[in-house]
Amino acid sequence: MGSKHGLKLKNPMPNDFATRLLGWFDQHGRHDLPWQHPRDAYRVWLSEIMLQQTQVNTVIPYFQRFVDRFPTLTDLASAPLDDVLHLWSGLGYYARGRNLHKAAQQIVAQHQGEFPRDIDAVTALPGIGRSTAGAILAQAFGQRHAILDGNVKRVLTRFHAMAGWPGQKSIEAQLWTHALDATPEQRITDYTQAIMDLGATVCTRSKPRCSVCPLQNDCRAYVLGKPTDYPQRKPRKAIPTKTTRMLLLSPDNVHVLLQQRPPVGIWGGLWSLPECPIETDPIQWCDHHWQLQITTTNILPPLKHTFSHFHLAIEPVAAQVLNPAQRVMDSDQFIWYNTQTPDARGLPKPVQTLLAQWQQIRQQR
DNA sequence: AAAACGGGGAC
DNA sequence: GTCCCAGTTTT
C-alpha cells in the first residue's frame, strides 16, 4: 500500500504486517459488534471503557442495556450517578462507571456535548489513557493512532520476540514504537479492530492458534517455537528475607515446647516453635521471657521457607530445659508437645520438618 | 492459586 | 516518575 509512488520505506515489514492483518480481518474478524452499528464516538467510547479488563462476550449485554437507557452522551451526562452505577453493576471496576459519568459531564461542559476529536483533549478525560484515546479516535474518526491494550501487547511481544516485562517503562516505550510502526495509513478503523481481534481470537494467552495466524511466517516467537514465552511475565517482586531463630526446647528429649500463633497473620492459630531474634542469646532470652533455664544448645541446619511476600530463613537451636516451668505450662498459649504421640493440632510445614530432624538427632544418641 | 487487565492515585 | 491497586475471569 504505502510503497506506491516509488516511496522507499526503511522498514517494509510494518506494511506487510498491516496488509496481512487486514486480509485476515476481512475474512475472520468481527464485523458485527454492537458498537460497530452504528459506529459513533459515544458508542465506541462506551465500548472501549467497558472492554478495559473485560471480554467482549461479557460486555455485549451490558453495552446494549446501557445504550438503551442512555442513547446519547447527553442522556448519560444528565443521569444520576446511581443510575449509571446500577447499570454497571456486575461488570466490576466501578471506577470506570464513575469516570464515564464524570467524563460525559465534562464533555457537555467543555465540548458542547460533542465528543472531542483532539487526542490531548480525549486523554484529558477521566478514565481515558493513551491507548483508549487512540482506540476511540481510530475507530470513531479514522484518525491514525496506535493502540496498546493487552491483546496488542501480546501480539507485538510475540511478533518481535521481545524480552522483558511489558509493564517495564523501556519495554512499554518500545511497544508503542512497534505499535505505531505497524499501524497503516489506510483503513485505520479496520486495522484497529483487526489487531485486537487477532489477539482475542488467534494470538491468545494460552494455546495460540498459530496455524491460522496471518503473521505466522514473520513472527519471531513462532519461528523460535515458543509463542507462549511472550509476553514475559511480570517479575516477581524482589521479596525480602527475614531471619528468625526457632527454639527446640525439651526437658526430656520427647516433649518440645510449642507456642500458639496469634489468630491473624502468618500461620494464624497454628502451633509453632518459640522464636527469638537472631542477634540475641537464646539462654538469656528464655530466662528473661519464660523463666526457662536451658543448657547445651546445639545448632541445627538452617531452613528456608518462602511466603508470597517474604522468605523466612530459620536458624534452629535445640536446647535442654532444666526447669520445665510451671508458668509456661499453665499458659494455654504453650504446650509441651509429645513428639512420640503427635496429636492433630496444626503445625506449619517448616516446624514439622524441624521436629522430624530433631527426632532423628535424638535417636542417633 | 495465580496471573492478567488500563488507568488513576499514592508516594 | 514508579509502584500498587481494583474486581472479575481465565488458566
Participant: Taking the six-membered ring where the residue is Trp, are the ring centres of A:Trp88 and A:Tyr62 under 6.0 Å apart?
Facilitator: no
Participant: Does the A:Asn323 side chain pair with the main chain of A:Gln291, one donor and one acceptor, at a distance under 3.5 Å?
Facilitator: yes
Participant: At their closest point, which heavy atom of A:Tyr42 faces which heavy atom of A:Pro71, and how far apart are they?
Facilitator: CE2-O, 3.4 Å
Participant: Between A:Trp45 and A:Phe115, is a ring pair (Phe, Tyr, Trp, His ring centres under 6.0 Å) present by the stated rule, with each step listed?
Facilitator: CA-CA 9 Å; A:Trp45 168 44; A:Phe115 197 92; 5.4 Å; yes
Participant: Measure from the side-chain heavy atoms of A:Arg233 and tell me the nearest of C:dT2, B:dA4, C:dT9.
Facilitator: B:dA4
Participant: Can you check the distance between C:dG7 and B:dA10, where both ends of the measurement are the P atom (answer in whole Å)?
Facilitator: 15 Å
Participant: From the options A:His28, A:Arg209, A:Gln216, select the one residue that forms a side-chain contact (heavy atoms from CB on, under 4.5 Å) with A:Val202.
Facilitator: A:Arg209
Participant: Which whole-number value in Å describes the distance from A:Gln168 CD to C:dC4 C1'?
Facilitator: 17 Å
Participant: Please give, in whole Å, the distance from C:dT2 P to A:Trp165 CH2?
Facilitator: 12 Å
Participant: Heavy-atom nearest nucleotide on DNA chain C for A:Ser206 versus A:Gly90: which residue maps closer to 5'?
Facilitator: A:Gly90
Participant: Could you give the distance separating C:dG1 and B:dG6 at their P atoms, to the nearest angstrom?
Facilitator: 23 Å
Participant: Determine the interatomic distance between P on C:dA6 and the same-named atom on B:dC11; round to the nearest Å.
Facilitator: 13 Å
Participant: Between A:Arg98 and A:Lys169, which has a closest nucleotide on DNA chain C that is more 5'?
Facilitator: A:Lys169
Participant: I'd like to know whether the aromatic ring centres of A:Phe159 and A:Tyr230 sit less than 6.0 Å apart in this structure.
Facilitator: no
Participant: Output one letter per nucleotide in nucleotides 5-11 of chain B: B when a protein non-hydrogen atom lies under 4.0 Å from the base, S when only the sugar-phosphate is that close, - when neither is.
Facilitator: BBSS---
Participant: Looking at A:Tyr94, I'd like to know whether one of its side-chain N or O atoms comes within less than 4.0 Å of OP1 or OP2 on C:dT8.
Facilitator: yes
